[in-house]
Amino acid sequence: MKIRAKLMLSMGILIAFILFSLFAVTHIQFYIIRDLEYMREKPAFTALKENFQRQYAAGGNSWAGVRAEEMDGGSFFPEIALVSEGSRVVHKGQLPLRTLQDEGFPLFLTGAEGKKIGTLFVMDAKQYKTYEFKSMWYGIFPVVVRVSLLFTFVAALVISFFLSRRFTSPIRKLLQGIDSIKKGSGGDVKLPVARKDEFGAIARALQEMNDSLASLERSRKQMLSDVAHELKTPLMIMQGELELAQEIDEPLKQEKVSSLLDEVLRLNRLVHDVLELSRMEAGRAELRREPENIGALLQGLIEKTRYIAEDKNIHVRLRTPEEEIYAPVEKHRILQALYNILINALHYTPAGGTVKIGAGTAVREGRLVVLLTVEDNGSGIAPEDLPHIFNRFYRADHSRTRPSGGTGLGLAIAEQNILLHGGSIGVQSEPGKGTVFTVLLPA
């Protein structure tokens, strides 16, 4: 069912409910007015009742010869009917007995020992006028209903038409936007994001989803391009060496074999890093946490990279508190993350420079965390490069060659390993002064 039909149906139901409520309220109101009039004129009603009961007793417990006109106070009531044992005894007024029984106020008469001797149905002047108004209202009510239904149907038709246009306009735009997203239009999607209502909220959510999908698509294409570029250089080197050996018809020398082996190892490392990063980003990597001594891990890491530091005459300093710090981590993954960060610092620190590694604890958002820092006094990172350093294949120093610059996946893998542990990684840098990487891990 379309929205326009639903609106018309809803308005029809609403109108029917209003008319039914109006009928019910007026019907109940008439009886309330009747009963309130009894409460207001109760002495007159009581006097009439007692007069009839005395007349019954005076007539030898019989209604023979009883007349309403002879009763004291009878003139106060234009309508009176006395019914005893299902038969009419007295009837004064213009209304039929059945009508008076239905609409009049009942007074129950009792004789000796409380025995019921009959029922009076009466109306005073105000109750009679209320009944006349009620009869008139019930007479014109069907006409009112028909006229109301006619006018409300026309009004509902006009209002529902304009409301449906107003309601369905943003829906049509949303459907067009969804269709554009489905076709892969990227960022060229027009959605009513400026609206302040629920449609605007849905449009903004769809826009964010579209932007995210477009960003993922750009990342996918960029990754394919980067992987192809990374593979191209070693493959060209290997192809050139092998073609040359084939042309001169001579076996490869040992240094050439070593060079080709280095390229094969680099290709293997690149494929391994890409697969590992993809598994972590897809959430398929599993952690096997165990409490590890963070100070001991950092000390072992320094020993592992000592040859690189000594080759460049870089001083690596470790600062840890006296008490041992433990954290639930998977040793292999956290070492891989810290190794990549430290290697990055050593690469960018000039000869004779210093790299400082710190470990400690801190409280963040009410919970205890392990705080690790890797600080160097190297060339620093330009502000425009900082937001991208954890991207795959990104190099802040664009002049670095692939052989000397690694695969470009080190910091991306480090970040994913730390996020996998429920931690976070941040970086602060100032060109010419150095860079500080900060890692937080759950304690």
Side-chain angles (χ1 to χ4, degrees), residues 273 276-277 280-281 292-306 308-309 312 314-321 325 327 329-350 353-365 368-398 400 404-443:
D273 289 350
E276 180 68 13
L277 185 59
M280 287 189 289
E281 290 179 341
E292 296 288 349
N293 188 329
I294 299 300
L297 290 182
L298 293 175
Q299 188 62 52
L301 190 63
I302 292 174
E303 293 296 328
K304 186 176 180 180
T305 58
R306 182 180 299 278
I308 300 176
K312 296 182 65 175
I314 295 173
H315 304 283
V316 180
R317 299 176 182 174
L318 175 62
R319 303 189 310 275
T320 57
I325 302 173
V329 297
E330 183 175 322
K331 183 176 180 180
H332 162 70
R333 291 191 179 279
I334 210 64
L335 276 177
Q336 183 185 32
L338 296 175
Y339 176 84
N340 290 350
I341 296 171
L342 180 55
I343 287 296
N344 185 78
L346 293 174
H347 270 301
Y348 282 98
T349 301
T354 303
V355 174
K356 300 176 183 177
I357 303 175
T361 57
V363 177
R364 293 290 187 274
E365 298 179 356
L368 186 67
V369 296
V370 175
L371 175 64
L372 306 175
T373 58
V374 178
E375 178 182 356
D376 65 65
N377 60 352
S379 57
I381 304 172
E384 61 270 19
D385 291 321
L386 270 179
H388 309 289
I389 62 170
F390 294 110
N391 293 352
R392 292 169 292 194
F393 302 109
Y394 190 84
R395 290 181 175 83
D397 183 1
H398 303 288
R400 288 173 67 186
S404 63
T407 63
L409 296 171
L411 291 181
I413 292 175
E415 180 190 40
Q416 289 300 318
N417 269 322
I418 292 167
L419 293 177
L420 192 61
H421 282 80
S424 64
I425 181 171
V427 59
Q428 293 177 320
S429 185
E430 188 174 347
K433 293 188 177 181
T435 302
V436 180
F437 283 87
T438 303
V439 175
L440 297 178
L441 294 171

Can you sort out the partners of [X] under side-chain hydrogen bond (donor to acceptor under 3.5 Å, both in side chains), two or more places apart, ordered by chain and number?
| X | answer |
| --- | --- |
| Arg306 | Glu303 |
| Glu365 | none |
| Ser429 | Thr435 |
| Thr349 | none |

Nearest 0.5 Å, what's the [atom1]-[atom2] distance between [X] and [Y]?
| X | Y | atom1 | atom2 | answer |
| --- | --- | --- | --- | --- |
| Ile381 | His388 | CD1 | NE2 | 12.0 Å |
| Leu335 | Leu301 | CG | CG | 6.5 Å |
| Lys304 | Leu338 | NZ | CG | 11.0 Å |
| Arg317 | Ile357 | CZ | CD1 | 12.0 Å |
| Leu372 | Thr320 | CG | OG1 | 11.0 Å |
| Ile389 | Phe437 | CD1 | CZ | 4.0 Å |

Task: Under 3.5 Å: donor-acceptor pair, side chain of Asn377, backbone of Gly353 - done: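 The answer is no, because no donor-acceptor pair under 3.5 Å joins these two groups.
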Task: Backbone N/O of Thr373 and side chain of Lys356: donor-acceptor pair under 3.5 Å - done: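 Flag not set: sc Lys356 to bb Thr373 has no pair under 3.5 Å.
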Task: Within 6.0 Å of NZ in Lys312, more than 12 heavy atoms from elsewhere - done: yes
Task: Single hit among Leu440, Thr438, Ile341 for side-chain contact (heavy atoms from CB on, under 4.5 Å) with Ile425 - done: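 Of the listed residues Leu440, Thr438, Ile341, the side-chain contact (heavy atoms from CB on, under 4.5 Å) partner of Ile425 is Ile341.
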Open item on the list: Out of the candidates Leu342, Val316, Ile314, only one should pair with Thr305 under the side-chain contact (heavy atoms from CB on, under 4.5 Å) rule; please name it.
Closed with: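 Considering Leu342, Val316, Ile314, a side-chain contact (heavy atoms from CB on, under 4.5 Å) with Thr305 is found only for Leu342.
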Just so I know, are the side chains of [X] and [Y] near enough to count as touching, which here means a heavy-atom distance under 4.5 Å?
| X | Y | result |
| --- | --- | --- |
| Val427 | Phe390 | yes |
| His421 | Ile334 | yes |
| Leu420 | Gln416 | no |

Open item on the list: By the salt bridge (Lys or Arg N to Asp or Glu O under 4.0 Å) test, which pairs, at least two apart or in different chains, include something from residues 424-440?
Closed with: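 Applying salt bridge (Lys or Arg N to Asp or Glu O under 4.0 Å) to every pair that reaches into residues 424-440, excluding sequence neighbours, yields Glu430-Lys433.
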Task: side chain to side chain contact (heavy atoms under 4.5 Å, CB included) involving Pro321 - partner list, sequence neighbours excluded - done: Glu323, Ile325
Specify the closest pair of heavy atoms between [X] and [Y], including all atoms of both residues, with the distance to one decimal.
| X | Y | result |
| --- | --- | --- |
| Ile294 | Ala327 | CD1-CB, 3.9 Å |
| Pro350 | Gly378 | CD-CA, 3.6 Å |
| Gly295 | Leu318 | O-CD2, 4.4 Å |

